[in-house]
Undergrad: 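The structure under discussion is supplied below as structure tokens; questions concerning it will follow.
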Amino acid sequence: MPAEPEHPHIDENAAEAPLAGIRVVEMTMYVQGPTSGLTLASLGADVIKIEQVGQADYMRNFTSLFGVTFDERGQEWLYGSVNRNKRSLVLDVASEAGRPVFERLIGQADAFISNMRADGLARFGADPDTLLEINPRLVYCRGGGFGMRGELAEDMCQDTVGMAHAGFMDAISESDRPTYPPGALSDILTGTNMASGVMAGLIKRARTGRGCVVGTSQTQALLWLTSQAVGVATNVGQRMDRFDVSGAWNPLFTVYETADGWIAIAALQDAHWQGLARAVGIESWLDDPRFATFEDLVANRDEFTPLFAEHMRTDTTDRWWRAIRGSGAWVSPVNRVEDVASNEDILANEYLVTFDDGFIGPPAMFDVDEFRGMRGGTADYGEHTDEILAELGYDDEQILELKIADAVW
């Protein structure tokens, strides 16, 4: 059984992180797999990302995404958005000289993560059987596309087609015409679930003393996300109504335009409606038999909706939000994505922070006591190769020999 590794690079601030002392080896590409490593690194794990000799990660060189063209600073942000807080090791894992380095690294790791297909992992000698033979305590995690088993398991898949296959494009659309939200949502969700799988695997290892294989796919992650919509369709034989701003079944469970934006309101009970009516200055409507109770209001929604919409356009979003808070109904402004970084509540909770490199983003996906995520930057290509090799026991002469052999960079 390999010895538990030391991690001398972890700084004093990181020592309190939930996953401090856990070493993760990452062989990933694009967004899904790197998000898994990002999640673990954000919680303090030592994530070592392997990049190919002579071929930096593809995400380092993306020039545009969803209609946005990136300059060098934008490219730096894009790569860092899914790769910050990691160390970069440039290694040819399949070469004669590089293979022993990879095996030594795996022997000292707690987990291995990848979103490569099974045939590619086999070519690199990074399949589950091989790596678990090297390190029986390893938690091996793989992210897939359409599924982990079956006819489509090895088909190429990424965010776009993953959303299509799982029904997500249909589930979130306002019409029968599919829609595709920007931002690699499926990849990010699946990568985050991969990290959850790793943490579950570590708990199992602590109980059994043995490593295990964990993983998920885009389809599995998206079906989990849409479990209520899918559940109604498969178990009840009906379909949830598509969202319609002007024609919601419950006219107090939707969004309304204001004088300067939009506001979201949710009310489900008579007490909610009573409080809401008083908060927005239409308590006289409670004397109208059409709207006297919440049940009356819903039954007469075709008459209520245009009247309420007209009233909500008479004042600003902020004015309505402040009036409705505390009324008993749920309420929030409909924030634009470009405005959330200046939202006082979001900043107070540290849901968005400024990292060491000046970029802004979410530091973690949940709090653990007072720990709210690592704040480090993004490694340059091969920045930590020598450091990691030294930790593995290679001296300066051996490192030079590896470089001459093009096994590392």
Side-chain angles (χ1 to χ4, degrees), residues 1-5 22-30 32-34 36-37 40 45-55 57 86-145 147-150 152-157 190-191 194-195 197-206 208-217 385 388-389 391-394 398 402 405-409:
M1 182 180 297
E4 294 292 333
I22 296 296
R23 174 169 286 181
V24 180
V25 177
E26 175 184 325
M27 284 178 56
T28 66
M29 60 183 69
Y30 298 115
Q32 176 183 291
S36 177
L40 298 168
D46 173 24
V47 178
I48 298 174
K49 183 182 177 75
I50 296 177
E51 297 184 70
Q52 298 179 52
V53 174
Q55 175 62 64
D57 186 282
K86 304 175 186 178
R87 296 197 288 171
S88 173
L89 168 65
V90 175
L91 172 67
D92 184 349
V93 302
S95 68
E96 183 177 351
R99 183 66 188 181
V101 178
F102 180 60
E103 293 187 357
R104 189 179 298 189
L105 181 64
I106 292 297
Q108 295 187 14
D110 296 289
F112 172 83
I113 55 177
S114 182
N115 63 323
M116 296 173 61
R117 290 184 294 168
D119 56 354
L121 288 165
R123 286 197 301 272
F124 282 114
D127 54 280
D129 290 344
T130 299
L131 297 195
L132 284 166
E133 184 175 354
I134 295 170
N135 181 356
R137 288 176 51 82
L138 187 71
V139 175
Y140 185 107
C141 177
R142 180 172 163 246
M148 307 302 289
R149 294 168 292 278
L152 302 182
E154 290 305 300
D155 278 24
M156 296 177 64
C157 179
T190 309
M194 287 171 62
V198 169
M199 289 185 276
L202 291 171
I203 292 172
K204 181 178 180 181
R205 186 187 70 175
T208 67
R210 300 187 304 276
C212 56
V213 178
V214 301
T216 187
S217 67
T385 296
I388 294 167
L389 291 174
E391 291 174 12
L392 293 175
Y394 291 91
Q398 291 171 317
L402 289 168
D406 286 331
V408 301
W409 192 91

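Everything numeric in this text was worked out from a predicted model, so none of it was measured.
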Undergrad: Are T385 and L402 close enough, and set up right, to give a side-chain contact (heavy atoms from CB on, under 4.5 Å), and what steps lead you there?
TA: CA-CA 11 Å; T385 296; L402 289 168; over 6 Å; no
Undergrad: Side-chain contact test, heavy atoms from C-beta onward, threshold under 4.5 Å: evaluate it for V90 versus V408 and give yes or no.
TA: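 Side chain of V90 against side chain of V408, heavy atoms only: no contact under 4.5 Å found.
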Undergrad: Run the salt bridge (Lys or Arg N to Asp or Glu O under 4.0 Å) test against E51 and tell me which residues pass, sequence neighbours left out.
TA: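 Result, salt bridge (Lys or Arg N to Asp or Glu O under 4.0 Å) vs E51: R60.
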Undergrad: Going by the rule side chain to side chain contact (heavy atoms under 4.5 Å, CB included), which residues pair with V93 if we only count those two or more places apart in sequence or in a different chain?
TA: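 If we apply the side chain to side chain contact (heavy atoms under 4.5 Å, CB included) test to V93, skipping adjacent residues, the hits are M27, I50, L91, F102, F124.
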Undergrad: The criterion is side chain to side chain contact (heavy atoms under 4.5 Å, CB included); which residues satisfy it with D119, sequence neighbours excluded?
TA: R117, R123, E154
Undergrad: Over all heavy atoms of both residues, which pair between G145 and S217 is shortest? Give the atoms and the distance, please.
TA: O-CB, 3.3 Å
Undergrad: Taking side chain as C-beta onward, heavy atoms only, is V213 less than 4.5 Å from L132?
TA: yes
Undergrad: Supply the atom-to-atom distance I113 CD1 to Q32 CD, rounded to the nearest 0.5 angstrom.
TA: 10.5 Å
Undergrad: Which residues pass the salt bridge (Lys or Arg N to Asp or Glu O under 4.0 Å) test with K86, not counting sequence neighbours?
TA: E26
Undergrad: Would you confirm whether R210, through its side chain, and P136, through its main-chain N or O, come within 3.5 Å as a donor-acceptor pair?
TA: no
Undergrad: Looking at N115 and M29, would you say the former's side chain and the latter's main chain have a donor-acceptor pair under 3.5 Å?
TA: yes
Undergrad: Roughly how far apart are L131 CG and L138 CG, rounded to 0.5 Å?
TA: 6.5 Å
Undergrad: Given the rule in the side-chain contact (heavy atoms from CB on, under 4.5 Å) test, do K49 and D57 qualify, once you have shown the distances and angles that lead to the verdict?
TA: CA-CA 10 Å; K49 183 182 177 75; D57 186 282; 3.1 Å; yes
Undergrad: Distance from L202 atom CG to I22 atom CD1, nearest 0.5 Å?
TA: 5.0 Å
Undergrad: Between D92 (side chain) and G98 (backbone), is there a donor-acceptor pair under 3.5 Å?
TA: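 Here the side-chain-to-backbone pair does not exist.
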Undergrad: With heavy-atom distances below 4.5 Å as the criterion, would you say the side chains of M199 and L40 are in contact?
TA: yes
Undergrad: Has the side chain of D110 got a donor or acceptor atom that lies under 3.5 Å from a matching backbone atom of R23?
TA: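 Yes.
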Undergrad: Taking CD in E133 as the centre, count heavy atoms belonging to other residues, nucleotides or ligands within less than 6.0 Å. Is the count above 12?
TA: no
Undergrad: Please report the closest heavy-atom contact between S36 and A195, naming both atoms and the distance.
TA: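 That would be OG-N, 3.6 Å.
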Undergrad: Look up atom CZ in F112 and atom CG in L121, then write down how far apart they are to the nearest 0.5 Å.
TA: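 Reported value, rounded in 0.5 Å steps: 5.5 Å.
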Undergrad: Looking at C141 and V198, what are the two nearest heavy atoms and their distance?
TA: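 So the minimum-distance heavy-atom pair works out to CB-CG2, 3.6 Å.
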Undergrad: For the pair Y140 (side chain) and D129 (backbone), establish whether a donor and an acceptor sit closer than 3.5 Å, ignoring hydrogens and angles.
TA: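 It does not hold such a pair.
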Undergrad: Working to the nearest 0.5 Å, report the span between CG of N135 and CZ of R104.
TA: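 Rounded to the nearest 0.5 Å, the CG-CZ separation comes out at 14.5 Å.
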Undergrad: Checking Q55 now: which residues fulfil side chain to side chain contact (heavy atoms under 4.5 Å, CB included) with it, not counting sequence neighbours?
TA: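 Expected list: Q52, Y58.
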Undergrad: Can you see which heavy atom on S114 is nearest to which on T28, and at what distance?
TA: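 So the two residues come closest at CA-CG2, 3.9 Å.
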Undergrad: Rounded at 0.5 Å granularity, tell me how far CD in Q108 sits from CD1 in I134.
TA: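 Nearest 0.5 Å value for the CD-CD1 distance: 12.5 Å.
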Undergrad: If every non-hydrogen atom of P100 is compared with every non-hydrogen atom of A97, which pair is closest and at what distance?
TA: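 Looking at all heavy atoms of both residues, the closest pair is CD-O, 3.4 Å.
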Undergrad: Quick one: side chain to side chain contact (heavy atoms under 4.5 Å, CB included) partners of T216, sequence neighbours excluded?
TA: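 Expected list: T190, N193, M194, Q220.
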